[in-house]
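What follows is a short report on a single structure.
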Amino acid sequence: HTLTHTRSHSHAHAHTMSRSGDLTAIVLDVGPSISTTLEGKDTSNLQIAVKAISLFVQQKILHTKRDQVALVTFGDNDTDNPLAGDGEYQNICLRKPLSSPDLELLRLIENEISPGDVPTDFVDALIVGLDCLINSDAKGTKKLYMFTDAGAAVDASNLSEIIDGIKAHGIDLRVVGVGIEEADDDDDDEEEDDGGDDEEETHMTQTQKDNVNVIKKIATEVNGETYSFTSALEILSQFRKRVVNPTTTFRGTLNVADLQIPVHLFTEQKREPRPTMKKLSGLVDLDPTDPESGKVDRDVTYNKLDDSEDEVAKEDLIKGYKYGRTIVPWEKMHEENLGYKPDKDLSVICFTHQDNVPRHHQREPLLCLLPPNGDEMAATAIATLAQSMHETESVAIARYVFRNKAAPKLIMIFPTITAEYKGLYAAILPFREDIRPYEFASLAKNPSAKFSKEQREAVEKLITSMDLMEGFIDEDGDAVEAYEPQYTFNPSIQMFYQCLHHRALNPNDPLPELDATIASYIRPSDKIVKDSDEGRKEVKDAFQLVVRSKKGKKTAAEMFGSDENAPKKAKDGDASQPFSMAALMRTDVTEVGSTTPVEDYKALIAKDKDNLVSASKQLMRRVQDIIDLYTGGSIGKFTEMMSALREGVMLTEPDMYNLHLREVVSEINELPQQRKVFLDQLVNNRLTLISSAESSCSNVSQLDADNFFSGGASDDSGPIASATNDDDDDDE
């Protein structure tokens with residue numbers, strides 16, 4: 001959290017970074033000069049300073065855990081600081097001692113800071129702020145921010161002692177005020193200045209000008225930084241990344257055949273989830289000082305799914321996993337005995353060309369491989385391996401187990417080469433079972449998808465005009481890459497923080513409108529909109545929309561699947577052919593699957609009549625699967641498959657269906673009573689044997705076919721007792 005606006009990236013060893021936070025003292029001028037609104041301005045410099053400090057503290061609350069902040073104001077009508085006495089350090093108040101920033105400090109800044117009437121020496125206030133940092137027992141980087149317009153007389157007699165104290169304690173000084181911003185190195189920038197700060201400088205008194213020289217002298221001596229109010233607010237208004245201390249996720253060796261290289265793995269990038277929230281009760285008075293106040297305890301009980309609804313003790317519960325409609329129990333003993341318990345490992349399996357690993361297969365998090373601190377041999381080995389992989393355009397596929405008994409992962413190790421650094425990164429790869437391919441039919445094979453040359457050129461021009469590599473204009477007027485990930489923050493998380501901040505300070509107000517900066521993340525840049533204007537018009541002209549008459553609403557079956565009872569589809573290429581998501585995703589059928597068996601069966605025999613026997617056998621197996629796995633519910637798919645099978649083999653292979661039907665009915669009669677719904681479906685849909693009247697290849701008479709389910713057929717037909725007459729057995 002600095003006021004320097006830089007875009008830099010470095011690879012520092014994590015164990016050389018301090019885990020202590022920043023100790024920041026904010027010294028704010030509230031005197032009459034800074035509180036005055038200049039002519040032509042809507043706000044005073046005090047209001048700008050308060051807003052900047054509020055943003056600063058807000059970022060501290062949300063994104064840091066170890067930082068501490070103190071607030072000192074000078075120019076107050078009252079005096080309250082530990083150095084006050086004997087008429088010294090008057091009209092200076094220590095509003096908040098050095099402590100972790102919280103909502104109380106935020107409310108104090110936004111609601112309780114008011115202008116004072118007494119001009120106060122900023123040097124005295126600077127000393128009070130330094131005292132907060134120097135006398136603190138906390139460890140961390142010490143920083144002092146002072147906001148002032150230097151409107152009061154200053155006693156500069158002890159500047160040397162102040163400068164020596166700042167240097168001795170390593171305090172980072174930053175001053176925000178009028179007329180004290182550091183000049184740019186490029187003189188041309190002065191011509192592009194909007195003149196906002198220059199206008200304020202013209203209203204400066206001689207006292208202010210003299211005091212600005214004092215501030216610049218102090219900042220120069222201690223290597224401090226100075227900013228104008230406008231630039232400070234602009235910088236602090238920008239979103240910040242959450243600062244985290246890198247920690248090792250793996251410490252061990254990278255095994256490349258017989259070579260073992262000591263490495264430490266750090267998480268370089270990962271997905272940032274939206275912060276979770278605790279559930280508190282609204283029925284009690286919440287105590288802000290007690291983190292357990294209003295806490296809601298969750299008590300879970302398990303009860304049997306029967307009339308008794310008896311409670312089941314936790315020790316009597318075991319895990320269960322669904323397999324179809326069956327729940328397979330999985331006891332803890334099985335989990336411990338059968339669970340795979342690998343040892344910690346990072347071993348290269350093979351090397352391959354980088355083009356063999358698609359970019360969309362590389363998953364988070366991104367890991368960085370670094371040598372242990374001070375291990376020059378390991379650093380040389382990593383740099384050498386990275387250089388070799390870079391020259392051969394290779395990547396390494398490795399097995400990664402970050403700790404003992406953890407699930408193994410497949411990772412890709414790839415090199416990164418810069419002028420200052422040669423190193424290795426790693427990305428997680430999916431296993432074969434993790435990939436869900438969704439193949440869509442090619443538009444090139446769709447006779448309805450014929451595009452003219454003008455249409456293709458219009459689309460190509462539109463895509464080219466929206467190139468993100470030159471989609472943004474920077475402050476220098478140059479075209480640069482738009483929406484770079486490191487500068488584009490998650491709009492959902494940023495909106496969450498905006499609402500959280502607003503609701504904390506204004507609990508009864510409605511949520512605020514979307515921040516303009518957040519909105520810029522979810523809309524095209526002005527340059528892209530302008531560049532693509534002509535291309536969008538050409539696409540609109542090339543693809544004319546035609547209003548077509550409605551043909552009635554589509555059913556869900558028509559939209560997402562096929563309906564056996566629906567009218568036959570139009571020929572290929574007919575514009576009136578109904579849209580079907582199932583048809584769009586269907587690829588070339590090679591076997592009868594379990595998802596759409598009837599459609600697969602029909603597609604196979606339509607493709608080649610020689611597939612009839614093999615496809616029919618596959619469909620019979622699907623029928624058997626439904627019978628074996630049935631535990632209750634609808635069996636519409638069973639009826640559809642039997643009907644399709646009967647229709648498919650009727651003319652040439654009726655004996656296949658007749659034999660299969662006898663086997664199915666025989667098996668059904670041996671099953672429990674609840675499974676005989678299958679027989680009812682066969683009877684109700686008249687899916688009896690194929691008779692010689694229906695097919696000349698059948699040797700079953702019409703009488704045998706009619707009496708098949710009633711038991712009155714001849715011996716050849718194999719009489720089967722009806723499922724509906726089981727209760728009429730004779731008791732003799």
Side-chain angles (χ1 to χ4, degrees), residues 9-19 65 241-276 319 330 332 335-352 354 356-375 377-386 389 394-416 421-435 485:
H9 183 69
S10 62
H11 297 276
H13 291 290
H15 38 269
T16 63
M17 298 176 61
S18 174
R19 288 184 175 273
K65 296 181 179 180
K241 298 177 182 178
R242 184 166 62 91
V243 179
V244 295
N245 291 315
T247 56
T248 53
T249 58
F250 176 88
R251 295 190 180 207
T253 59
L254 171 62
N255 304 314
V256 186
D258 296 332
L259 177 64
Q260 295 183 335
I261 305 175
V263 294
H264 290 175
L265 265 65
F266 298 89
T267 300
E268 177 79 5
Q269 293 178 359
K270 68 176 182 178
R271 186 187 303 272
E272 178 71 9
R274 193 162 63 180
T276 57
K319 291 182 179 179
W330 188 253
K332 189 174 183 180
E335 188 174 359
E336 293 176 351
N337 294 336
L338 301 178
Y340 182 47
K341 303 173 183 177
D343 295 329
K344 185 169 72 170
D345 182 36
L346 179 60
S347 299
V348 173
I349 300 173
C350 66
F351 290 90
T352 185
Q354 60 188 16
N356 294 331
V357 185
R359 178 63 184 87
H360 61 276
H361 283 178
Q362 301 170 28
R363 298 157 48 183
E364 59 157 349
L366 178 65
L367 305 174
C368 180
L369 284 73
L370 294 175
N373 190 28
D375 192 335
M377 292 291 291
T380 302
I382 290 177
T384 303
L385 181 59
M389 294 170 65
S394 300
V395 296
I397 308 301
R399 179 179 184 268
Y400 174 48
V401 183
F402 76 96
R403 61 173 171 79
N404 292 335
K405 301 181 181 181
K409 295 180 180 179
L410 196 66
I411 66 172
M412 178 193 72
I413 301 175
F414 58 95
T416 175
Y421 180 77
K422 296 179 181 179
L424 298 172
Y425 281 98
I428 307 296
L429 295 179
F431 290 103
R432 182 64 185 86
E433 311 85 62
D434 299 329
I435 301 175

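Worth saying up front: this structure is predicted, and the values here are computed from it rather than measured.
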Review item, side-chain donor-acceptor pairs of residues 397-415, under 3.5 Å, at least two apart:
| residue | atom | partner | partner atom | Å |
| --- | --- | --- | --- | --- |
| Arg399 | NH1 | Asp345 | OD2 | 3.0 |
| Arg399 | NH2 | Tyr340 | OH | 3.0 |
| Asn404 | OD1 | Lys344 | N | 2.8 |

Are Phe250 and His264 packed together at the side-chain level, in the sense that at least one heavy-atom pair is separated by less than 4.5 angstrom?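 Not in contact.
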State the [atom1]-[atom2] distance between [X] and [Y], to the nearest 0.5 angstrom.
X	Y	atom1	atom2	value
Ile261	Asn255	CD1	CG	9.0 Å
Thr247	Phe266	OG1	CZ	8.0 Å
Leu370	Ile382	CG	CD1	7.0 Å

Please list, chain by chain and in numerical order, all residues satisfying side chain to side chain contact (heavy atoms under 4.5 Å, CB included) with Asp258, sequence neighbours excluded. none
I'd like to know if the side chain of Ser394 reaches the main chain of Met389, judged simply by a donor and an acceptor atom lying under 3.5 Å from each other, with no hydrogens or angles considered. no
Taking all non-hydrogen atoms of both residues into account, name the closest pair between Ala378 and Pro262 and its distance. CB-O, 3.6 Å
Residues that [X] engages under side-chain hydrogen bond (donor to acceptor under 3.5 Å, both in side chains), provided they are two or more places apart:
X	answer
Asp343	none
Gln354	none
Thr384	none

With a 3.5 Å cut-off and sequence neighbours excluded, list the donor-acceptor pairs that the side chains of residues 357-369 form with protein atoms.
| residue | atom | partner | partner atom | Å |
| --- | --- | --- | --- | --- |
| Glu364 | OE1 | Arg271 | N | 2.5 |
| Glu364 | OE2 | Arg271 | NE | 3.2 |

